[in-house]
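Per chain, numbering begins at 1; letters A, B, ... match sequence-line order. In what follows, every heavy atom counts, from backbone to side chain, and hydrogens, waters and symmetry copies are set aside.
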There are 2 protein chains.
Amino acid sequence: MIPLSYALLGLLARAPQSGYDLLQLMEEPMGFFWSARRSQIYPELARLEAAGLARHTVVPQRDRPAKKLYEPTEAGLAALREWVETPQAPAPDRDIFLVQVYSLWLVAPARALALTRACKRRHAARLERYEAIRQRQREEDGDPSALRLDSPRFASWATLQRGLEYERGYLAWLRWLADAIAAQMAP
Amino acid sequence: MIPLSYALLGLLARAPQSGYDLLQLMEEPMGFFWSARRSQIYPELARLEAAGLARHTVVPQRDRPAKKLYEPTEAGLAALREWVETPQAPAPDRDIFLVQVYSLWLVAPARALALTRACKRRHAARLERYEAIRQRQREEDGDPSALRLDSPRFASWATLQRGLEYERGYLAWLRWLADAIAAQMAP
DNA sequence: TAAGTCATGTAAAAAGTTACATGATTCT
DNA sequence: AGAATCATGTAACTTTTTACATGACTTA
């Protein structure tokens, strides 16, 4: 089992889903911290089923094509619980913008500034997306600090909170970087 | 060319290095934002050379085995510059701890707290490592805000700064999470 | 002489991405 | 009739990891 297995089980543990549903849930919200494409998700579902961690039932629909609804088995839930409470080796850190910044001394300041601003736009957009989700969540759940620890809502709120702080921190650093570059251009 | 190609070129652009040197530089400091193993680095160096972006000379040493010293070619430097000033599609976000947190509602609060603390230790250790590097950098370079934009030192400082802020932000969130869990355990 | 570091690679397997492929149903 | 959404997959390729493999030289 790979992290993706548990990402999928984590989604199924909240509610049964079709592969197609999972495709979208892996975009948002799971994609904010773990991602996978269609070509990885469908085979992984088959693997989970072969391993006895998930099962599916075919659900015919009037207005749409039939779908396979997946849910975790008891063994699947147990495996997920066990994995969740075991500290995991972190995935290697990968930030392509920092790879660029590491060689930023090679390029003209104006280019460096433009690059920084492009990155800033990305992160600002991501932050806005997170804030929209928080807004929606607040409308649905009310005061998030009142959520029970054993509710999926609490878990969603905790991950969202990290996303918000991550983007704010990144943006603060980007502003600092842009200022440092600009400061050496003006005089 | 993949991001790793430019990570390696970025190291070579600062000073010629052997594959073995690059192995260690890919651990630290490059590993803080991009990583690769030996089995990827040596073939990648060969690829860079085949593409005319790097070249090597064999350097015999008295006290140690001979080594291949790599440096970027003019074409390699040009390719690096061009890549650096072009906005890159970000690598997918991957945070295994957040995958766990997303399903944290399934496990006992005491386990959740233990997991959070294990994560906190990791990040605290990483922060200490960054702070030690900052200390060393400060001793070598003096006031970092005086560094010139076109010096590798500036670039190193900028990436380190991001690392420091990332770990501080992560730790702040972990404290918040631990508190939220603890608050529901006590009463 | 054994352990440790310096030094360079390859092989095989796994994980992940891009592109291909198909078909039902609904809406315009 | 064509575009859009729902729905499920596979094939080929690239990237990355894990494990294997070897040898020079130094120090205890």
Inset, instruction - Using atom CD of A:Q24 as one end and atom P of D:dA4 as the other, report the distance to the nearest whole Å. - result: 16 Å
Legend entry - Nearest-nucleotide pick for B:R94, side chain only, options being C:dG16, D:dT16, D:dT8: C:dG16
Legend entry - Pairing of A:E131 and A:R168 as salt bridge, 4.0 angstrom limit: yes
Legend entry - Integer-rounded Å distance: C:dT22 C1' and A:K67 NZ: 20 Å
Inset, instruction - Mind telling me whether A:Y166 and B:Y166 have parallel, tilted or perpendicular rings, with 30° and 60° as the class edges? - result: perpendicular
Inset, instruction - May I ask you to evaluate whether B:K68 reaches the phosphate of C:dG9, defined as a side-chain N or O under 4.0 Å from OP1 or OP2? - result: yes
Identify all side-chain donor-acceptor contacts of residues 28-42 of chain B below 3.5 Å with residues at least two apart in sequence or on another chain.
from	atom 1	to	atom 2	distance (Å)
B:E28	OE1	B:R129	NE	3.4
B:E28	OE1	B:R129	NH2	3.0

Legend entry - Contact list for residues 93-108 of chain A, test salt bridge (Lys or Arg N to Asp or Glu O under 4.0 Å), sequence neighbours left out: A:D93-B:R126
Legend entry - Check: B:R122 and B:F97 side chains under 4.5 Å, non-hydrogen atoms: no
Legend entry - Distance test, side-chain N/O of B:Q61 to OP1/OP2 of C:dA7, below 4.0 Å: yes
Inset, instruction - Side chain of A:S39 only, please: which of C:dT17, C:dT8, C:dG16 is the nearest? - result: C:dT17
Inset, instruction - Nearest whole angstrom, please: distance from the P of D:dT8 to the CG of A:L22. - result: 9 Å
Inset, instruction - Run the salt-bridge test on B:E49 and B:R55 with the 4.0 Å N-O cut-off and return the result as yes or no. - result: no
Legend entry - Proximity to the side chain of B:R37 - top-ranked nucleotide from C:dA7, D:dT8, D:dT17: D:dT17
Legend entry - Proximity to the side chain of A:Y20 - top-ranked nucleotide from D:dT8, C:dT5, C:dG16: D:dT8
Inset, instruction - Could you tell me how the ring of B:W157 sits relative to the ring of A:W176: parallel (under 30°), tilted (30 to 60°) or perpendicular (over 60°)? - result: perpendicular
Contacts under 3.5 Å, N or O only, protein and nucleotides 21-24 of chain D:
none

Legend entry - Nucleotide nearest B:I2 when distance is taken to its side chain, options D:dT18, D:dT15, C:dT17: D:dT15
Inset, instruction - Go through C:dG16, C:dA7, D:dA7 for me and flag the one nearest to the B:D21 side chain. - result: C:dA7
